[in-house]
Amino acid sequence: MPGSLSHLASRFLDVLLARPLTPHERDRVSHWLPAPLYDLFGEQSQPDQRHGYQAALSVIASGHTDEETVTAALTHDVGKRRAALGVIGRSMASVLILVGAPMSKRMTIYRDHGSIGAIDLERLDAPTLAVEYARHHHGERPDSIPAETWDVLELADQPPKARTLIRARIR
């Protein structure tokens with residue numbers, strides 16, 4: 001799940017500095033997601049809502065405006081809400097994951113948020129792409145997700161600074 005130390009530092013800052021979605025941004029999300037998924041999105045922490053929103057904007061900017069891809073971007077981290085960890089707890093969990101050390105139950109939930117979120121999304125009849133991306137987004141691309149779609153979602157999942165650097169390398 002966690003990447004390099006610079007990736008972790010970037011994520012730490014993203015979480016620490018995340019501002020709540022504005023009423024206009026919440027309205028946009030409500031138009032992108034059906035009510036049950038919008039409610040699930042709203043159960044996330046403020047930083048995870050901001051991250052999902054930014055991921056959706058990145059996906060849309062890449063030309064992928066279809067409902068399934070936008071939903072996958074918005075909801076891929078919904079499993080994190082079950083861990084109820086703040087910025088320090090997330091940081092500690094990420095370090096423990098990196099070094100393979102034992103973790104608390106909440107940290108284990110945080111580590112396994114992809115598969116946990118996929119179950120929640122499946123129960124709400126989310127699009128298959130959203131379920132599969134949530135389940136696999138910290139691993140290898142499954143055959144069920146086209147490579148181009150996977151790449152767009154993976155790029156959108158990066159912290160904003162990393163996204164800019166990756167785009168520069170692609171061009």
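All values below come from the heavy atoms of this structure, side chains included, with hydrogens, waters and symmetry mates left out. Not measured: the values here are computed from a predicted model.
Going from atom OH of Y53 over to atom CZ of R26 covers 11.5 Å, rounded to the nearest 0.5 Å. For the atom pair CD1 of I97 and CE of M103, the computed distance is 5.0 Å after rounding to the nearest 0.5 Å. The CG atom of L96 sits 10.5 Å away from atom CZ of R111, with the distance rounded to the nearest 0.5 Å. The line from CZ of R82 to CG of D120 is 4.0 Å long, rounded to the nearest 0.5 Å. If you take CG on D39 and CG on L33, they are separated by 10.0 Å, rounding to the nearest 0.5 Å. To the nearest 0.5 Å, atoms CD (E148) and CG (L153) are separated by 10.5 Å.
Pairing each heavy atom of A156 with each of V59, the nearest pair is CB-CG2, 3.7 Å. In plain terms, the two heavy atoms of H136 and E140 that are nearest each other are CB-O, 3.8 Å. When all heavy atoms of H31 and D27 are compared, the pair lying nearest together is ND1-O, 2.7 Å. R90 approaches Y110 most closely through the heavy-atom pair CG-CE1, 3.6 Å. Residues A83 and R106 come closest through the heavy atom pair O-NE, 3.0 Å. Nearest heavy atoms, W150 versus P142: CZ3-CD, 3.7 Å.
No donor-acceptor pair closer than 3.5 Å links the side chain of S58 to the backbone N or O of Q54. Between the side chain of E68 and the backbone N or O of A130, no donor-acceptor pair lies under 3.5 Å. Under a 3.5 Å cut-off, the side chain of Q46 and the backbone N or O of A18 do form a donor-acceptor pair.
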Enumerate, atom names and distances included, each donor-acceptor pair closer than 3.5 Å involving a side-chain atom of residues 69-78, sequence neighbours excluded.
{"unit_1": "T69", "atom_1": "OG1", "unit_2": "D66", "atom_2": "OD1", "d": "3.0"}
{"unit_1": "T69", "atom_1": "OG1", "unit_2": "D66", "atom_2": "OD2", "d": "2.8"}
{"unit_1": "T71", "atom_1": "OG1", "unit_2": "E67", "atom_2": "O", "d": "2.8"}
{"unit_1": "T75", "atom_1": "OG1", "unit_2": "T71", "atom_2": "O", "d": "2.7"}
{"unit_1": "H76", "atom_1": "ND1", "unit_2": "A73", "atom_2": "O", "d": "2.8"}
{"unit_1": "H76", "atom_1": "NE2", "unit_2": "H51", "atom_2": "NE2", "d": "3.1"}
{"unit_1": "H76", "atom_1": "NE2", "unit_2": "D157", "atom_2": "OD1", "d": "2.7"}
{"unit_1": "D77", "atom_1": "OD1", "unit_2": "H113", "atom_2": "NE2", "d": "3.0"}
{"unit_1": "D77", "atom_1": "OD1", "unit_2": "H137", "atom_2": "NE2", "d": "3.0"}

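Between E154 and R141 there is no salt bridge, since no side-chain N of the basic residue sits under 4.0 Å from a carboxylate O of the acidic one. Checked for salt-bridge contact, R135 and E132 meet the test: a charged N lies under 4.0 Å from a carboxylate O.
I109 belongs to a hydrophobic cluster whose other members, connected by ILVMFWY side-chain contacts under 4.5 Å either directly or through intermediates, are I116.
When the shell of 6.0 Å around CE of M92 is examined, it contains 12 or fewer heavy atoms from other residues, nucleotides or ligands.
Under a hydrophobic clustering in which Ile, Leu, Val, Met, Phe, Trp and Tyr are joined whenever their side-chain heavy atoms come within less than 4.5 Å, directly or via other members, Y133 and I119 fall into different clusters.
Within the 4.5 Å cutoff, the side chain of P47 has no heavy atoms near those of the K80 side chain.
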Hey, mind stepping through S62 and H64 against side chain to side chain donor-acceptor pair (under 3.5 Å) and telling me if it holds? CA-CA 6 Å; S62 75; H64 290 77; 3.1 Å; yes
